[in-house]
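A quick write-up on the structure given underneath.
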Amino acid sequence: MTGLQWPPGPAQPAKATNGNGQRAAAQEDEPGGQDGHPAASDAHGQQAGPDAQNGYHGAFGAQNGRHAASPGTFQAAPSAQAVLDQPPPAWLTQPGLAQPPPSGPGLPGLGLPGPGLPGPGQPSPPGLVWPAQAGSSQPGLAQPVPQAGGWPARQPQPAAPPRHLAVPDSVRREPPGLTDARLLAGVSEILTTVAAQLPDRASQQDVMPLIRNAAMAWTQRLVRQGAAVPAPAELEALAQAVYDQRYGLGPLAAYLRDRDVENVDVNGCDRVWVTYSTGERVAAPPIAASDEALADMIRTWATRGGQTARDFSAATPMVNVGLSGGARLTGTMSVTPRPCLSLRRHGQLSVTIGDLIKLGTLDQVTAAFLAAAVKGRCNIIVTGGVNAGKTTLLRALASEISPSERIATLETEYELFLHERDQHPDVIAFEAREANSEGAGSVSLHDLIAHALRHNPHRILVGEVRRGEIMPMLEAMNSGQEGSMCTMHANSPVEVFDRILILGLRGGLALTERAIHILVGMAVDLIVQVRRSYDGRRTVRFVSEILEVMPPGDTDRPAVNRLFLPNGPGGCAVPAHTPSPALMTRLQAAGFAPHLLDQRPQAQPGNWGTR
């Protein structure tokens with residue numbers, strides 16, 4: 001078999017592989033695996049897939065310096081030198097042998113106690129597939145092995161989310177933008193030659209001709225020195241890199257242009273991870289030459305990227321900036337070992353409820369219900385976990401607001417971007433402001449809500465409620481601004497009441513617990529829960545529950561009516577109970593047909609990666 005050598009190279013700790021073909025790092029004797037076996041983990045401390053956790057660690061894997069002769073039994077492994085001194089097995093040296101002969105428990109042909117390989121007539125343990133299926137490659141095999149008898153192959157199972165796991169080279173994505181190191185070295189030099197001719201906030205079409213000429217002149221000097229002539233595509237990528245360095249996010253700008261990118265996480269200059277809408281999380285090239293250079297880049301972006309300049313220094317080690325074009329940047333230094341950066345890209349800026357139906361996030365019934373709730377001026381709180389899609393859903397709900405209505409949006413960093421869309425011509429967008437280095441000049445969402453009411457809005461939309469601004473938000477909902485909406489972090493919709501209570505008490509609200517619950521019951525009409533999961537192929541986001549909120553009845557907490565429950569395919573929301581007469585009247589006045597609640601749609605959770 002080509003690709004296999006004997007004896008092997010210098011002895012190294014063998015590595016197990018999980019069901020996705022990803023290697024799991026060897027780990028000391030640590031409990032947590034199934035059937036009494038230690039759980040395999042990857043290099044980041046995450047548990048490997050189910051195949052690596054069930055006590056069988058791959059066809060040729062070794063873990064913790066031991067091999068399992070049978071489930072629940074461990075034997076000490078021979079030394080590395082003892083393995084090297086043994087002659088190669090016949091199935092490695094004799095032509096025609098595509099697999100080791102099944103010679104009972106242990107590693108066939110080597111005489112070693114192996115990872116629980118079965119003997120003749122014994123079933124294959126879970127997580128072990130030998131021989132490989134025709135046309136497929138498995139970690140540890142030099143080439144595909146055809147299916148020709150042997151033990152029965154395990155049926156393929158949905159892959160676990162590839163978060164925190166390095167993706168094999170076979171599926172690794174090429175980094176976007178300029179990748180030639182020789183050309184990358186010239187970006188700063190070219191920018192220096194033309195910096196004086198590039199005005200601030202200039203449009204790309206105005207300055208790109210000048211940048212292209214400078215890039216062409218620089219490459220011509222390289223060619224005269226004996227360098228290869230760059231291709232036209234490389235020249236354009238070089239000019240784009242210079243523009244990004246001057247006006248954009250430098251090496252990160254290419255990720256913002258990639259419609260499949262969701263998040264970019266940077267832990268130091270050379271630790272870059274990119275999360276795609278398919279669920280892939282892959283390592284990317286370094287974005288800076290040193291940690292000091294990375295901190296300088298974050299400082300520059302914080303100064304010029306948002307609406308107002310924000311400080312980033314040892315005195316202000318945390319910064320959040322809403323960037324034009326639909327992205328949010330978070331930077332940290334001094335309180336972490338290395339400068340860190342996270343970039344959240346919003347891929348659905350002009351999304352509507354109809355778009356979410358096409359993506360599978362909503363079915364027809366849920367979409368019609370929510371559209372009628374917005375038109376009927378219901379006060380709505382959208383809840384969900386981190387990166388669940390709360391802001392995107394709020395943006396879609398806002399698309400149902402009449403263009404004739406005046407909207408005020410309030411955010412810590414711009415993420416809704418309704419003021420940049422033609423769909424709503426009358427939008428006043430407020431953004432909170434952090435204090436300067438002297439501790440002065442801060443403007444909180446709490447301050448903005450009270451001020452926004454003086455601008456005569458018909459509705460108030462708060463991007464995300466995190467602190468004490470929940471109380472003025474509830475008061476606005478209960479004081480004439482019907483149809484207002486906001487988002488809030490919560491693992492389930494019923495947790496919202498406790499979250500509001502905690503935020504109110506933390507904000508110094510001088511109200512009793514019952515008074516706060518009464519305010520919530522009177523102000524909020526609906527709570528919409530959004531969930532994010534992984535179906536084995538892609539990241540899916542979908543509405544899972546909708547609750548109607550009413551004032552407290554027999555208890556101190558607000559009464560709830562669970563209108564939609566996660567009983568549909570994949571946990572999607574389906575109608576469960578009838579709205580209260582008061583709510584149904586408002587929905588019908590907005591055009592909702594009550595008979596739709598009797599249907600049982602067959603929607604599938606949606607993928608927001610489709611652009």
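Residue numbers start at 1 and run along the sequence shown.
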Salt bridge flag under 4.0 Å for residues [X] and [Y]:
X      : Y      : result
Arg299 : Asp311 : no
Glu262 : Arg541 : yes
Glu415 : Arg345 : no

For Ile407 and Ile428: C-alpha separation, side-chain torsions, deciding distance, then whether side-chain contact (heavy atoms from CB on, under 4.5 Å) applies. CA-CA 6 Å; Ile407 304 173; Ile428 177 170; over 6 Å; no

Can you list the steps and then say if Glu513 with Arg557 is a salt bridge (charged side-chain N to carboxylate O under 4.0 Å, His left out)? CA-CA 9 Å; Glu513 179 176 337; Arg557 298 172 64 85; 5.7 Å; no

Report yes if the side chains of [X] and [Y] come closer than 4.5 Å at any heavy-atom pair, otherwise no.
X      : Y      : answer
Trp273 : Val282 : no
Cys486 : Glu464 : no
Arg532 : Asn387 : yes
Asp363 : Phe369 : no
Asp498 : Glu495 : no
Gln481 : Arg459 : no
Leu445 : Phe430 : no
Gln529 : Lys390 : no

Any idea which heavy atoms bring [X] and [Y] closest together, and the distance?
X      : Y      : answer
Ala373 : Ile380 : CB-CD1, 4.2 Å
Ala327 : Leu256 : CB-CD2, 3.7 Å
Ala398 : Leu418 : CB-CD1, 3.9 Å
Gly331 : Ile298 : CA-CG2, 4.2 Å
Val549 : Val520 : CG1-O, 4.3 Å
Ser334 : Pro317 : CB-CB, 4.0 Å

Can you tell me if [X] uses its side chain to pair, donor with acceptor, with the backbone of [Y] under 3.5 Å?
X      : Y      : answer
Arg406 : His458 : no
Gln588 : Pro594 : no
Asn263 : Arg344 : no
Arg328 : Leu343 : no
Asp426 : Glu405 : no
Thr336 : Pro339 : no
Arg304 : Gly248 : yes
Thr316 : Phe312 : no
Asn561 : Thr578 : yes

Enclosure of [X] [atom1] (heavy-atom neighbours >12, cutoff 6.0 Å):
X      : atom1 : result
Met550 : CE    : yes
Met584 : CE    : yes
Arg271 : CZ    : no

Taking side chain to side chain donor-acceptor pair (under 3.5 Å) as the criterion, tell me which of His577, Glu545, Glu548 meets it with Arg562.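 Running side chain to side chain donor-acceptor pair (under 3.5 Å) over His577, Glu545, Glu548 with Arg562 returns exactly one hit, Glu545.
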
Derivation and outcome, side-chain contact (heavy atoms from CB on, under 4.5 Å), residues Val462 and Thr409: CA-CA 6 Å; Val462 178; Thr409 63; over 6 Å; no

For residues [X] and [Y], is any side-chain donor paired with an opposing acceptor at under 3.5 Å?
X      : Y      : result
Glu434 : Ser442 : no
Ser484 : Asn379 : no
Arg466 : Thr412 : yes

The test is salt bridge (charged side-chain N to carboxylate O under 4.0 Å, His left out); show your working for Glu482 and Lys375 and say whether it passes. CA-CA 11 Å; Glu482 292 182 338; Lys375 295 175 182 177; over 6 Å; no

Taking it one step at a time, do Ile353 and Leu362 satisfy side-chain contact (heavy atoms from CB on, under 4.5 Å)? CA-CA 8 Å; Ile353 284 185; Leu362 301 171; 4.1 Å; yes

Aromatic rings Tyr414 and His419: how do their planes relate, parallel, tilted or perpendicular, breaks at 30° and 60°? tilted

